[in-house]
Asks: 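Here it is, the structure, as structure tokens.
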Amino acid sequence: KGIIVNHKGLCNVISCVANRMGIQCCDSKDSITEFSLYDASPTFDTCFLQVFPVLWNGGTVIVVPTDPLKPNRCLQFYSHVTFLSTTPRKLFLYKAEDFKCARNVAVGGEDPSMELYKKWEKANRTLWNLYGPAEISVITTMGIIKDQVHMGQAVDNSVLHILNPFQMPVPIGVPGELYILGDGVAQGYTCEILTKKAFGIDTKTEQRWYRSGDLVILNHDGILRYIG
């Protein structure tokens, strides 16, 4: 199924990630230069986050060589990286000491383990957990992992609703299905039948919503936790 994503939604995600993580604007006179590592497949959502938040702010994207006969060639680039975005499984294989300049490390695609968090926390790195299907322009929530793994809070210009099977709001602390509204919601699928099942229009705000199919819980501190 192909997903029709708006430029507006993608720009919203780029701006939000850059602002919350403190990815700074760079110019020829600025002593601060941002670097990100690009090693994902161009068909994978992660490649979007590896490229555009840093490029948006005038930084540099390092394209990692893929020569299997020279795996150590990559090490010379790692020390320059200030923003690292990847999957938990791949991050587990990296050595924190190789990324001397990395301030923010973002993971997505699956929940990171607390073991992974502790590994990078010891190296004084900030570990972010990003959640979101492609139908919501890559991500819809983000948060810093500390004492427990969680989904964080909604990205800018997004509204989250947790509903029961009757599409009624559930109380705080009660599991429900996540519905997402806002700038990031895609136009739909290339298949109209699938679009009608997963997307709709909110009658009050006239915003598009997406039914994620994921069960979540909203904690009293406003943080979301993924159930399944």
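Predicted, not measured: the structure shown is a model, and the values here were computed from it. The analysis underlying the following values was restricted to heavy atoms, covering all of them including side chains, and did not include hydrogens, waters or symmetry mates.
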Asks: List for me each residue that meets side chain to side chain contact (heavy atoms under 4.5 Å, CB included) alongside K95, sequence neighbours excluded, and say none if there are none.
Replies: E97, D98
Asks: Counting only heavy atoms not in N124 (residues, nucleotides, ligands), do more than 12 fall under 6.0 Å from its CG?
Replies: no
Asks: W209: which other cluster members, linking ILVMFWY side chains closer than 4.5 Å, directly or transitively?
Replies: V159, L163, Y179, L181
Asks: Using ring centroids (six-membered ring only for Trp), state whether F199 and Y189 fall under 6.0 Å.
Replies: yes
Asks: Closer than 3.5 angstrom, by distance alone: can the side chain of T141 be matched with the main-chain N or O of A154 as a donor-acceptor pair?
Replies: no
Asks: Provide the full list of ring-ring contact (aromatic ring centres under 6.0 Å, His included) pairs with a residue in residues 85-140, sequence neighbours left out, each pair given once.
Replies: Y78-Y94, Y78-F99, Y94-F99
Asks: Could you tell me whether L93 atom CG has more than 12 heavy atoms of other residues or ligands within 6.0 Å of it?
Replies: yes
Asks: Indicate whether the side chain of Q50 and that of S36 have a donor and an acceptor atom separated by less than 3.5 Å.
Replies: no
Asks: Cluster partners of L215, using ILVMFWY side-chain heavy atoms under 4.5 angstrom, listed by chain and number?
Replies: I217, I227
Asks: I'd like to know whether R103 forms a salt bridge (Lys or Arg N to Asp or Glu O under 4.0 Å) with E34, so could you lay out the CA-CA distance, the side-chain angles of the two residues, the decisive distance to 0.1 Å, and finally the verdict.
Replies: CA-CA 10 Å; R103 300 188 305 275; E34 300 283 356; 2.6 Å; yes
Asks: Can you find a heavy atom in the side chain of V54 that is under 4.5 Å from one in the side chain of T60?
Replies: no
Asks: Find out whether V107 and L130 are in side-chain contact, i.e. whether some heavy atom of one side chain is under 4.5 Å from a heavy atom of the other.
Replies: no
Asks: Going by heavy atoms in the side chains, are W56 and C11 under 4.5 Å from each other?
Replies: yes
Asks: Any side-chain heavy-atom pair from M151 and V216 closer than 4.5 angstrom?
Replies: yes
Asks: Considering only heavy atoms from C-beta outward, does the side chain of H161 approach that of L178 to under 4.5 Å?
Replies: no
Asks: Is there a side-chain contact between V185 and T140, using heavy atoms and a 4.5 Å cut-off?
Replies: no
Asks: Between L37 and V64, does the side-chain contact (heavy atoms from CB on, under 4.5 Å) criterion hold? Intermediate values first, please.
Replies: CA-CA 7 Å; L37 190 70; V64 176; 3.0 Å; yes
Asks: Using salt bridge (Lys or Arg N to Asp or Glu O under 4.0 Å), reason through R208 and D202 one step at a time and then give a plain yes or no.
Replies: CA-CA 6 Å; R208 290 186 62 77; D202 183 69; over 6 Å; no
Asks: Does R125 reach the side chain of K119, with side-chain heavy atoms less than 4.5 Å apart?
Replies: no
Asks: Please tell me whether N6 and Q187 have a donor and an acceptor in their side chains that are separated by less than 3.5 angstrom.
Replies: yes
Asks: Would you please name every residue forming a ring pair (Phe, Tyr, Trp, His ring centres under 6.0 Å) with Y226, sequence neighbours left out?
Replies: none
Asks: Is there a path of hydrophobic side-chain contacts, each under 4.5 Å between heavy atoms of I/L/V/M/F/W/Y residues, joining F48 to V155?
Replies: yes
Asks: K118: which residues meet the salt bridge (charged side-chain N to carboxylate O under 4.0 Å, His left out) condition with it, sequence neighbours left out?
Replies: none
Asks: Drop me the distance from C16's SG to I139's CD1, to the nearest 0.5 angstrom.
Replies: 6.5 Å
Asks: Under the criterion side-chain contact (heavy atoms from CB on, under 4.5 Å), I'd like the reasoning laid out for E121 against L127: C-alpha separation, chi angles, the key distance, then a yes or no.
Replies: CA-CA 7 Å; E121 192 270 341; L127 186 62; over 6 Å; no
Asks: Would V81 and C101 count as a side-chain contact (heavy atoms from CB on, under 4.5 Å) here? Give the steps.
Replies: CA-CA 6 Å; V81 174; C101 296; over 6 Å; no
Asks: Hey, are the side chains of I14 and L55 touching, using non-hydrogen atoms and a 4.5 Å cut-off?
Replies: no
